[in-house]
There are 2 protein chains.
Amino acid sequence: MDDRIRELVEQVPAWLRTTGEYPEIVLSSRARLARNLRPFRFALKATDQDREEIRTFVLDRLRLHPRLAALHQLELEGLGEAERRVLVERHLVTRDLLKHPDYALVLYEPDESVALLVNEEDHLRVQVLANGLALSTVARRILDLGEILGLLLPLAYREEFGYLTSCPTNTGLGLRFSVLMHLPGLVLAKRLPELVKLLARARLSIRGLYGEGSDIVGNIFQISTTRNLGITEEELLAHFQDTVRQIIQMEQEARQHLEQETPDLVEDRIHRARALLENARLISFEETARLVSALRLGVGLGRIFDVKLQTLNELLFFAQPGHLQVLFGHDMDPQERDRRRAAYIRTKLQSGEA
Amino acid sequence: MDDRIRELVEQVPAWLRTTGEYPEIVLSSRARLARNLRPFRFALKATDQDREEIRTFVLDRLRLHPRLAALHQLELEGLGEAERRVLVERHLVTRDLLKHPDYALVLYEPDESVALLVNEEDHLRVQVLANGLALSTVARRILDLGEILGLLLPLAYREEFGYLTSCPTNTGLGLRFSVLMHLPGLVLAKRLPELVKLLARARLSIRGLYGEGSDIVGNIFQISTTRNLGITEEELLAHFQDTVRQIIQMEQEARQHLEQETPDLVEDRIHRARALLENARLISFEETARLVSALRLGVGLGRIFDVKLQTLNELLFFAQPGHLQVLFGHDMDPQERDRRRAAYIRTKLQSGEA
């Protein structure tokens, strides 16, 4: 077991705390930059030697900046399946980064609020994460980091386009904002079509918990910006903040409506979810996410007051297959995972932590 | 509210107790006779006047026998929908008897172990019920009653056929034995086809909780004899007892097998069922039956020791729509029933009774 991974699994990432704004609806806010190095071939055409050189080059340059030099460093080479999974589950590594694990590198702040990925779809991906609704904060931090990188590295940039990227959708600002939102109210009230329409109008995209191509589990949606051309960072941010606030309001309305129109149904759903989490002996991650969603709704509505939102965030997080296996120290088949997960959840909800 | 119905709802019928043989598999044993009166037209051709006369005639004759004269007496005329439903749910009244409720009459022992129905599909239907596997007992009691009826009443009987009945399938002995069996093991182990084959070979029929045409809920099956011609009462009984014992053994094997092969799955199912029964805020009768079935299995396997089988029998019984409405004293729409049912179950399982 890699020490760094063990260290990670023993802590709760800063962006999962519930001290931010609207924690019952917005789990976390994120900004990320895509940047490439002028002297090197882009990822799609890069050879292994290129990747090796890129890694060395980036590390050398980052050493010049005390804060970046202090980042923790993790190579994917040599990590087992479950350990890699942990990194994806923690949003420290993208699926794309796993395509060339031998040359991939992750640099991160110990509290996981900043991560720098080398040899992903672009030479460099930088992300800033914060808990709750905190788009201004992550925007300020990512733009600072962008500036520093611009000073340290020869970035691929053209006056007429902006930053050049592997995928043309990122070309321009090379910037994306996103939020992880828990929207059980809109789902229960069957108002998703309305949400999708709003997002299309605002040119935002909607995905599951792990980004592109991932399923939506536990009514958690990743909503993110898509525009990168013909817009400034400030406009992109302001526009996104507006829409996210609109979605928050829609969700609040939907929850209020459910409370008023079908109080029994909501009460039933919440208590069943809690009962199953506290008593199941076998449980899949998907079911866990579904039940945690109902219980989260209960906490949000003030119906459940003896379970902390924080506990539920952690529970959802550590119930993921990678975490579970690293937590228990060995690989497991799905049936054992379902059993260990159920035991973990029971303990977590029964302990003082709940 | 009819006093007799209120009285019934406040007691647990003797045949639902769990003091008999194999209570974890056999809920109850039943025997019933179909008899008709020579001087009157059979049910299908009878007029309302005939039915009126039949009722008077039967009551007059039964008065001659002290034990029969002491039976409680209940007329369906004037009973509300929920009250009639209670009688069906208690197996005191068949759906057929409700076809001409104005002339229908139920005579019964206060503990509900004996019931005599007048103006059903046949002029007279007599049933004896006992808890657990008790086929010899119900056989002895029903044959005694048959003899008494033969002395008191001019029964339709022909030497070459036996007792004449409305439906030719009953002609001959006019006798049926049945058991209510809880067979979750065979269902979970997917061994129902095997059971059906065995029953076909033994010329037995299989139905749901409320007899002909009723759905199977909560893995409770009514298994009954069909033969009435070319066989003696003793042969019918002996043959039926053999087959029922075979089914008990099959069920025991299936449960043991599940315990050995999929202990986690069984454990999970049992604890989830209990958690939902103890925490749901809305619950249908079908779901109640399904969950009670799982919990009953848990008690049968010795996995649950702090819930009595008796409590589960009562819970299943009183969770039925008719009982629930009479218990709470008013008619309810399905949503209110689901809410009251959930509340009733929670109280019942939390109270000392569990």
Side-chain angles (χ1 to χ4, degrees), chain A residues 188 258-288 290-292 294-295 297-299 301-307 319 324 328 332-350 354, chain B residues 188 258-288 290-292 294-295 297-299 301-307 319 324 328 332-350 354:
Chain A
L188 283 174
L258 287 169
E259 266 279 76
Q260 280 159 10
E261 298 301 311
T262 52
D264 290 347
L265 223 100
V266 172
E267 188 84 356
D268 184 56
R269 189 178 281 265
I270 295 167
H271 283 95
R272 280 171 180 256
R274 182 177 191 165
L276 289 178
L277 286 170
E278 287 178 348
N279 289 282
R281 298 306 198 258
L282 291 174
I283 194 165
S284 70
F285 176 64
E286 283 65 33
E287 188 184 4
T288 303
R290 190 155 38 80
L291 298 177
V292 166
L295 205 44
L297 178 63
V299 176
L301 291 173
R303 297 259 192 145
I304 298 284
F305 39 84
D306 57 340
V307 176
L324 216 56
F328 284 92
M332 307 171 189
D333 60 26
Q335 161 117 4
E336 185 183 354
R337 283 212 295 264
D338 288 355
R339 198 176 65 236
R340 297 283 198 176
R341 182 180 292 116
Y344 170 77
I345 295 170
R346 284 204 307 283
T347 310
K348 182 106 181 153
L349 284 176
Q350 279 156 19
Chain B
L188 283 174
L258 287 169
E259 266 279 77
Q260 281 159 11
E261 299 301 311
T262 52
D264 289 347
L265 223 97
V266 173
E267 188 84 356
D268 184 55
R269 190 178 281 263
I270 294 168
H271 283 95
R272 280 172 180 256
R274 181 178 191 164
L276 288 180
L277 285 170
E278 287 178 348
N279 289 282
R281 296 306 196 260
L282 291 175
I283 194 164
S284 69
F285 176 64
E286 284 65 34
E287 188 183 5
T288 302
R290 189 155 39 80
L291 298 175
V292 165
L295 205 44
L297 177 64
V299 175
L301 291 172
R303 297 262 191 142
I304 298 283
F305 40 82
D306 57 341
V307 176
L324 215 56
F328 283 93
M332 306 171 189
D333 60 27
Q335 162 117 3
E336 185 183 352
R337 284 212 295 265
D338 288 357
R339 198 176 65 234
R340 298 282 198 175
R341 182 181 291 114
Y344 170 78
I345 294 169
R346 285 204 307 283
T347 310
K348 183 107 182 150
L349 284 176
Q350 279 157 18

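All heavy atoms count here, side chains included; hydrogens, waters and symmetry mates do not. Here is how names work: the chains are called A, B, and so on, in the same order as the sequence lines, proteins then strands, and each is numbered from 1.
- Of the two parts of A/I283, the backbone and the side chain both hold a non-hydrogen atom closer than 4.5 Å to a non-hydrogen atom of chain B.
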Could you walk me through whether A/I345 and A/L291 pass the side chain to side chain contact (heavy atoms under 4.5 Å, CB included) check? CA-CA 11 Å; A/I345 295 170; A/L291 298 177; over 6 Å; no
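- Residue A/R339 touches chain B through its side chain alone, counting heavy-atom pairs closer than 4.5 Å.
- Of the possible polar contacts, one joining the A/N279 side chain to the A/A275 backbone as a donor-acceptor pair under 3.5 Å is found.
- In this structure the side chain of A/L188 reaches within 4.5 angstrom of the side chain of A/L297, judged on heavy atoms.
- Note on A/R272, A/Q335, A/R269: by heavy-atom pairs under 4.5 Å with chain B, the leading option is A/R272.
- Looking at A/E278, neither its backbone nor its side chain comes within 4.5 Å of chain B, counting heavy atoms on both sides.
- Taking CG from A/L349 and CG from A/D306, the interatomic distance works out to 10.0 Å, rounded to the nearest 0.5 Å.
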